[in-house]
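What follows is a set of notes on a single structure, which appears directly below.
Note that the numbering runs from 1 along the sequence shown for the chain. Remember, it's a predicted structure, so these values are computed and weren't measured experimentally. For ligands, and for the atoms within them, numbers begin at 1 and follow the listed sequence.
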Amino acid sequence: MHYFSEKPTTKSDVKIVEDILRGKKLKFKTDSGVFSYGKVDKGTKILVENVVVDKDDDILDLGCGYGVIGIALADEVKSTTMADINRRAIKLAKENIKLNNLDNYDIRVVHSDLYENVKDRKYNKIITNPPIRAGKEVLHRIIEEGKELLKDNGEIWVVIQTKQGAKSLAKYMKDVFGNVETVTIKGGYRVLKSKKL
Ligand SMILES: C[S@@+](CC[C@H](N)C(=O)[O-])C[C@H]1O[C@@H](n2cnc3c(N)ncnc32)[C@H](O)[C@@H]1O
C-alpha cells in the first residue's frame with residue numbers, strides 16, 4: 001500500500017502531532033495510510049519555513065496530505081486551497097483546519113487528482129511537497145500543468161530531496177518556466193522556485 005492510494009485500506013490509528021511552524025504552535029491529526037504519519041515531514045518543514053507569501057495571495061497546497069503546508073500559511077494569505085487524491089488525507093485536512101481554529105479563514109479542501117478539481121481559480125503560489133514515488137511523469141505534470149494555473153508573476157515552490165532528483169527537477173523547471181531558483185539547501189533537501197513571467 002502506498003501513501004498516495006486514493007482510498008487507504010490500512011486500519012485507522014489516529015495520532016495527534018504538535019509542532020511549531022512559522023512561530024505558530026499547530027496540531028495535526030495524522031493517520032496510517034497518509035504521508036508523514038505521526039510526525040511532520042522534515043522536507044515539509046523546510047519548505048514551510050522558507051516559503052515567502054503575501055497577504056493578497058491565493059495559494060494552492062497540492063498534495064496536501066493532512067494539511068501541514070496550507071494550515072501553516074492560511075492566516076497569512078487571502079485564500080488557501082488544499083488538494084489531495086487520498087480521501088483519508090482530505091478528511092484529516094478538514095479536521096485539522098478546525099483543530100487549529102482556522103474556520104474563519106478562506107480555506108477549502110478539495111479531493112483532486114493533481115489539478116483536476118482546482119482549475120476554477122488562478123493562484124499566486126503553488127506550494128508542494130510532491131509525491132515523488134508517483135514517478136517522474138507525475139512530477140513533470142505538476143510543473144507543466146501548474147504553470148497554466150498560475151497568475152502572471154505567480155510562483156511554484158517545490159521541496160525535494162537532493163538524492164531523489166532535485167537537480168533534474170530544477171532543470172525541468174527551468175525548461176518549462178525559463179527560470180529556477182534554489183531557495184534553500186538544507187538537511188539533504190532543496191527548495192526550488194520558478195516564476196511565471
Ligand atoms: C510527499 S506527500 C506531502 C503531503 C503533505 N503536503 C505534507 O507535506 O505532509 C505527497 C502527497 O501527494 C498526494 N498525491 C499523490 N498523488 C496525487 C495526485 N495524483 N493528485 C493529488 N495528490 C496526490 C499524496 O496522497 C500525498 O498526500
Please confirm whether Lys15 makes a cation-pi placement over Tyr37, using NZ or CZ under 6.0 Å from the six-membered ring centre and within 45° of the ring normal.
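Satisfied, under 6.0 Å and within 45°.
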
Cation over ring, Lys196 on Phe177, under 6.0 Å and within 45°?
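Not flagged: Lys196 not positioned over aromatic ring of Phe177.
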
Positive for salt bridge (Lys or Arg N to Asp or Glu O under 4.0 Å) with Lys78, one of Asp58, Asp57, Asp56:
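When salt bridge (Lys or Arg N to Asp or Glu O under 4.0 Å) is applied between Lys78 and each of Asp58, Asp57, Asp56, only Asp58 qualifies.
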
May I ask which of [options] has a heavy atom nearer to [atom] than the others do?
{"atom": "atom 14 (N) of ligand 1", "options": "Ile85, Val138, Asp61", "answer": "Ile85"}
{"atom": "atom 26 (C) of ligand 1", "options": "Asp84, Leu92, Val118", "answer": "Asp84"}
{"atom": "atom 9 (O) of ligand 1", "options": "Tyr66, Tyr115, Tyr37, Phe35", "answer": "Phe35"}

Evaluate Asp175 against Lys171 for salt bridge (Lys or Arg N to Asp or Glu O under 4.0 Å), listing each step before the verdict.
CA-CA 6 Å; Asp175 288 346; Lys171 183 177 177 305; 3.3 Å; yes

Between [X] and ligand 1, find which residue part has any heavy-atom pair under 4.0 Å and reply side chain, backbone, both or neither.
{"X": "Cys64", "answer": "backbone"}
{"X": "Leu114", "answer": "both"}
{"X": "Pro130", "answer": "backbone"}

Within the structure, does [X] bring an N/O atom to less than 3.5 angstrom of an N/O atom in ligand 1?
{"X": "Ala83", "result": "no"}
{"X": "Ser36", "result": "no"}
{"X": "Asp113", "result": "yes"}

Residues two or more places apart in sequence or in another chain: which of them pass ring pair (Phe, Tyr, Trp, His ring centres under 6.0 Å) with His140?
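Counting only residues at least two positions away or on another chain, His140 forms a ring pair (Phe, Tyr, Trp, His ring centres under 6.0 Å) with Tyr172.
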
Modelled atom types, side-chain donor and acceptor of Arg121 and Ser79, under 3.5 Å:
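Yes, a side-chain donor-acceptor pair sits under 3.5 Å.
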
Under a 3.5 Å threshold, yes or no: a donor from one side chain and an acceptor from the other, between Arg108 and Thr81?
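Arg108 vs Thr81: donor-acceptor pair found between side chains.
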
Ser112 near ligand 1, heavy-atom distance under 4.0 Å?
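Yes; Ser112 lies near enough to ligand 1 that a heavy-atom distance drops under 4.0 Å.
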
Please verify whether a non-hydrogen atom of Asp41 lies at under 4.0 Å from ligand 1.
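Checking ligand 1 against Asp41, which is what was asked, there is no heavy-atom contact under 4.0 Å.
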
What residues form a side-chain hydrogen bond (donor to acceptor under 3.5 Å, both in side chains) with Lys24, not counting sequence neighbours?
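With sequence neighbours excluded, Lys24 shows a side-chain hydrogen bond (donor to acceptor under 3.5 Å, both in side chains) to Asp75, Glu76, given in chain and number order.
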
